[in-house]
Each structure stands twice: as structure tokens, then as C-alpha cells.
Student: 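To start, I am sharing the structure in question, which I have written as C-alpha cells.
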Amino acid sequence: MASLTLRSPSQTASSSRRLPLPLYLRQRSSNLQFDGAPSLSRRIRAQNAGKCDVTEPLDLANGKPTIPVINGRTLPKFYESTSMQNTVNRTSSRLKLFSGTANPTLSREIARYMGKELSKINIKRFADGEIYVQLQESVRGCDVYLIQPTCPPANENLMELLIMIDACRRASAKNITAVIPYFGYARADRKQTQGRESIGAKLVANVLTKSGADRVLACDLHSGQSMGYFDIPVDHVYCQPVILDYLASKTISSNDLVVVSPDVGGVARARAFAKKLSDAPLAIVDKRRHAHNVAEVMNLIGDVKGKVAVMVDDMIDTAGTITKGAELLHQEGAREVYACCTHAVFSPPAIERLSSGLFQEVIVTNTLPVPEKNYFPQLTILSVANLLGETIWRVHDDGSVSSIFQ
């Protein structure tokens with residue numbers, strides 16, 4: 001993985017007035033310079049011959065891989081472009097990062113990439129389950145970023161995020177951005193054929209807006225139309241490049257690859273993934289869903305015989321869809337099957353299904369925390385902290401976010 005050097009010019013804030021101002025109103029010029037941290041240069045080989053840029057060897061306890069963390073200010077090769085060389089202000093004292101209790105490890109990694117400390121916040125539960133939030137430092141006039149995925153328990157973490165937003169609004173924060181690596185209610189984005197159903201994604205969007213959020217930053221929403229449910233700006237961050245860079249480090253011939261969509265709804269996502277992966281051919285698993293979290297595979301569209309099949313989805317919940325798809329791929333002659341997704345929800349019985357031997361490797365990211373009890377030998381977890389940290393800097397400095405993915 002190549003290193004990226006981020007440079008920021010000195011900034012001078014000065015103003016002139018015809019009439020002298022009182023001393024306490026005069027602006028003082030500042031000259032701040034950020035020196036990028038040294039890049040990573042060492043590569044190691046992880047379990048199952050996978051390679052990942054890390055600063056220290058992976059710990060394997062009883063065959064369970066620990067979470068690989070990509071440290072330093074280094075971005076995957078996919079992000080390297082001339083647009084990334086544009087200077088961005090990395091010295092703002094008006095940027096505040098707060099972490100909820102849902103995924104504090106990811107929050108610390110983001111702060112480390114950005115060269116900042118997480119701001120102090122007190123979050124606790126009363127005896128009856130009510131949530132109490134107190135900011136322990138001033139945010140008046142600051143741009144505040146609240147990092148909190150709505151992972152299980154989804155309702156608990158969502159309510160905690162809403163109370164954090166309210167606390168920042170009442171503390172006179174200038175701008176409040178809800179950084180939601182996993183937006184759990186995105187699956188409830190429309191009415192199904194049965195009718196008389198709620199559209200939970202729209203409801204949550206309204207609640208986040210009314211609570212005082214000025215912007216939302218989310219990773220790999222289940223469907224793109226969910227962005228339209230918000231009346232505030234939404235920055236949609238695509239985490240596929242992190243997985244692409246990892247797959248590119250493996251010794252797999254491009255002629256042997258085929259990208260597989262586990263259902264018809266994910267064809268656009270899989271097609272974009274295949275285009276970046278040496279323009280690999282595409283296959284589609286046709287399935288019929290009779291109930292929520294229950295999938296039945298019908299047939300396969302495309303050729304996978306003798307190929308290395310890479311199944312791509314935005315999330316793995318109970319793993320019913322992706323495991324039945326893998327069974328079909330093996331029946332059709334696939335040599336190996338890889339499962340790739342951004343959000344590792346892993347609701348029971350996902351672990352049993354994923355570790356049954358159908359997959360050569362299961363590659364996910366750390367948008368959700370994966371408990372140690374859910375580790376299994378085929379699991380690889382990649383960090384999206386650098387990507388989110390870079391996006392936050394771009395948003396704060398009014399820079400382009402889309403240029404990261406070009």
C-alpha cells in the first residue's frame with residue numbers, strides 16, 4: 001500500500017478596520033503547520049495468505065484473528081490520485097470528535113488518523129435504562145462530529161445518538177454532523193408488496209433532522225434512495241475500495257475472477273465492484289424471498305465453472321442469502337468462494353453458516369464492532385478509519401468528498 005503525504009499551507013487570518021476595535025475583538029493571526037506522520041512501509045502476511053498493511057503482526061488466539069488496524073495517515077492505493085494532493089487544513093481547533101458507546105474502537109482509530117484526541121463526553125444509563133449525556137468540554141461555535149453506528153442494540157444506539165445531537169445543539173455547536181458508519185434502518189426504505197408497512201428509513205431520517213443534526217455521513221447505505229429521505233446534506237462514503245485494495249494484494253489471476261451478486265437488487269453494486277477489479281465478469285444469483293431473513297436460491301445467471309467467485313454485498317445479517325448463494329456456486333463448479341461485505345451484522349446463526357467451510361475467506365470492515373466470540377478462522381476485518389477520517393477532514397474544510405473515489 002503506497003503512502004500518501006498530506007500537506008497543509010500556513011493559514012493567516014487577518015483583517016483591517018478603518019476604526020480601531022477594542023482589544024478583545026481584534027483578530028490574531030495564526031500560523032499553523034501540520035507535518036504528516038511517517039508512512040507505513042512494512043507488509044506482513046496474515047492467516048490464509050492474505051496480506052494487509054499493518055504496523056505489527058496479527059495476533060492469533062486459538063485460531064481467531066484479531067482485528068487488523070491500518071495505522072498512520074496512509075490510504076489504500078485506490079485512493080491515490082492527483083486530487084488527493086490538494087491541500088486541506090488539518091489544524092483546525094474548531095473541529096471536535098465525540099464517540100458514542102457503540103463502536104469506540106473505530107472512533108479512536110479515526111481520531112488517530114486525524115491527529116486529534118476524542119473530546120470528552122459522559123454517557124451513562126440510569127437504573128431504568130434512560131440515557132444521560134453530558135459534554136465535558138465546550139463546543140460553542142465548533143464543528144462537531146458524533147461517531148455512532150446504529151448497530152445492535154439498534155434502538156439503544158440510535159437513541160443515544162439523538163441525545164448526543166441534542167446535547168451539542170443545546171451547547172451552541174455551530175455544525176453537528178452525525179457520522180453513522182452503519183445506518184441500520186436503511187433496509188426499511190420502501191413498502192413491500194404486502195402493504196401496510198412502515199418506511200423506517202424515512203422516519204429515522206426525520207428524527208435525526210429534528211433532533212438538530214446538520215449533516216449525516218454514512219457508509220454504504222443499503223439503497224441509494226435513502227439519501228433522499230433526508231432534508232439535510234448526506235455524504236455517502238463507499239467502503240468497497242478498502243476491500244478492493246485488499247483483494248488486489250492477493251495472488252489471484254484476473255482471468256480466474258468472477259464477481260457474483262447474491263441477489264438481483266445488488267447487481268449495480270456488484271457491477272461497480274467488478275469494474276474496479278480488473279473489469280471481471282459478473283454473475284447473478286436469482287433467489288426468491290418468502291419472509292424476512294429467509295431466502296431460497298433458484299438459479300444462477302452467468303458462468304463460474306473453475307473460477308474464483310467473489311460475492312459482494314453491503315451487509316451480512318443472518319448470512320442466509322450469501323451461504324445459499326455459495327452452495328449454488330459450488331454446485332456450478334466454482335473453485336473458491338470469497339464473501340465480501342461492508343457491514344458485519346452477524347445475527348445468529350450467521351457464524352455457524354459462514355464458518356461451515358463454504359467460503360475461502362469472509363472479508364468485512366469494522367463499521368460495526370465484531371465481538372471476539374464471533375471470530376472464526378476464515379474471517380478478515382479491514383479498517384475503514386482512514387477513509388472516514390479523510391472524509392471528515394474534507395467535509396470540515398469544504399473540500400470534495402467524491403474526489404476520494406475517483
Side-chain angles (χ1 to χ4, degrees), residues 1 43 45-52 63 65 76-78 220 238-289 295-342 344 350-365 376-382:
M1 186 180 296
R43 299 183 71 90
R45 184 170 294 273
Q47 191 179 22
N48 297 329
K51 293 187 290 184
C52 184
K77 296 177 182 177
F78 184 82
D220 281 340
Y238 301 94
C239 298
Q240 284 187 355
V242 177
I243 300 175
L244 282 166
D245 185 69
Y246 176 74
L247 288 175
S249 69
K250 304 181 77 65
T251 56
I252 303 175
S253 173
S254 59
N255 295 328
D256 294 336
L257 282 172
V258 58
V259 175
V260 182
S261 174
D263 54 30
V264 176
V267 171
R269 181 186 304 109
R271 178 67 267 178
F273 192 92
K275 186 176 181 180
K276 296 295 183 182
L277 197 63
S278 304
D279 201 16
L282 181 67
I284 304 169
V285 176
D286 178 36
K287 67 181 178 65
R288 298 291 185 269
R289 187 183 296 276
E296 180 182 352
V297 173
M298 301 299 293
N299 51 35
L300 179 69
I301 303 171
D303 181 26
V304 298
K305 188 173 182 179
K307 301 278 189 177
V308 176
V310 179
M311 303 188 73
V312 180
D313 210 346
D314 63 316
M315 71 175 68
I316 297 178
D317 189 356
T318 60
T321 297
I322 204 163
T323 52
K324 288 191 176 182
E327 292 173 357
L328 179 63
L329 293 176
H330 282 292
Q331 293 172 9
E332 296 293 330
R335 190 168 80 242
E336 293 177 349
V337 178
Y338 288 78
C340 302
C341 81
T342 300
I351 303 304
E352 290 78 4
R353 290 171 171 171
L354 294 173
S355 60
S356 62
L358 290 171
F359 300 98
Q360 180 73 16
E361 192 171 359
V362 178
I363 305 168
V364 300
T365 72
F376 53 94
Q378 296 87 357
L379 179 65
T380 299
I381 305 175
L382 305 177

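Computed over heavy atoms, backbone and side chain alike; hydrogens, waters and symmetry mates excluded. Since this is a predicted model, take the numbers as computed values, not measurements.
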Student: Is there a side-chain contact (heavy atoms from CB on, under 4.5 Å) between His330 and Leu358? Walk through the geometry before answering.
Tutor: CA-CA 8 Å; His330 282 292; Leu358 290 171; 3.9 Å; yes
Student: Are Leu282 and Val267 close enough that some pair of their side-chain heavy atoms sits under 4.5 Å apart?
Tutor: yes
Student: Could you grab the distance from atom CG of Leu257 to atom CD of Glu336, nearest 0.5 Å is fine?
Tutor: 10.0 Å
Student: Find the distance between CD1 (Ile363) and OH (Tyr246) and round it off to the nearest 0.5 Å.
Tutor: 5.5 Å
Student: Tell me whether Asp220 contacts the main-chain N or O of Asp314 through its side chain, where contact means a donor paired with an acceptor under 3.5 Å.
Tutor: no
Student: Would you give the length of the straight line joining atom CD of Gln360 to atom CD1 of Ile252, rounded to the nearest 0.5 angstrom?
Tutor: 8.5 Å
Student: Under 3.5 Å, which donor-acceptor pairs link side chains of residues 301-313 to any protein atom two or more places apart or in another chain?
Tutor:
| residue | atom | partner | partner atom | Å |
| --- | --- | --- | --- | --- |
| Asp303 | OD1 | Lys305 | N | 3.2 |
| Lys307 | NZ | Asn255 | O | 2.9 |
| Asp313 | OD1 | Arg269 | NH1 | 3.4 |

Student: Within the side chain of Ser261, is there an N or O that forms a donor-acceptor pair under 3.5 Å with the backbone of Ile284?
Tutor: no
Student: Quick check: do Phe359 and Thr323 have side-chain heavy atoms less than 4.5 Å from each other?
Tutor: yes
Student: My understanding is that only one of Asp263, Asn299, Leu328 makes a side chain to side chain contact (heavy atoms under 4.5 Å, CB included) with Asp286; could you say which?
Tutor: Asn299
Student: With rounding to the nearest 0.5 Å, note down the distance linking CD in Glu332 to CG in Leu300.
Tutor: 5.5 Å
Student: Can you tell me how far apart CG (Leu354) and CG (Leu379) are? Round to the nearest 0.5 Å.
Tutor: 8.5 Å
Student: Quick check: closest heavy atoms across Asp317 and Ala350, and the distance to 0.1 Å?
Tutor: O-CB, 3.2 Å
Student: Determine whether Leu247 and Cys340 make a side-chain contact, defined as any pair of heavy atoms from C-beta on separated by less than 4.5 Å.
Tutor: yes
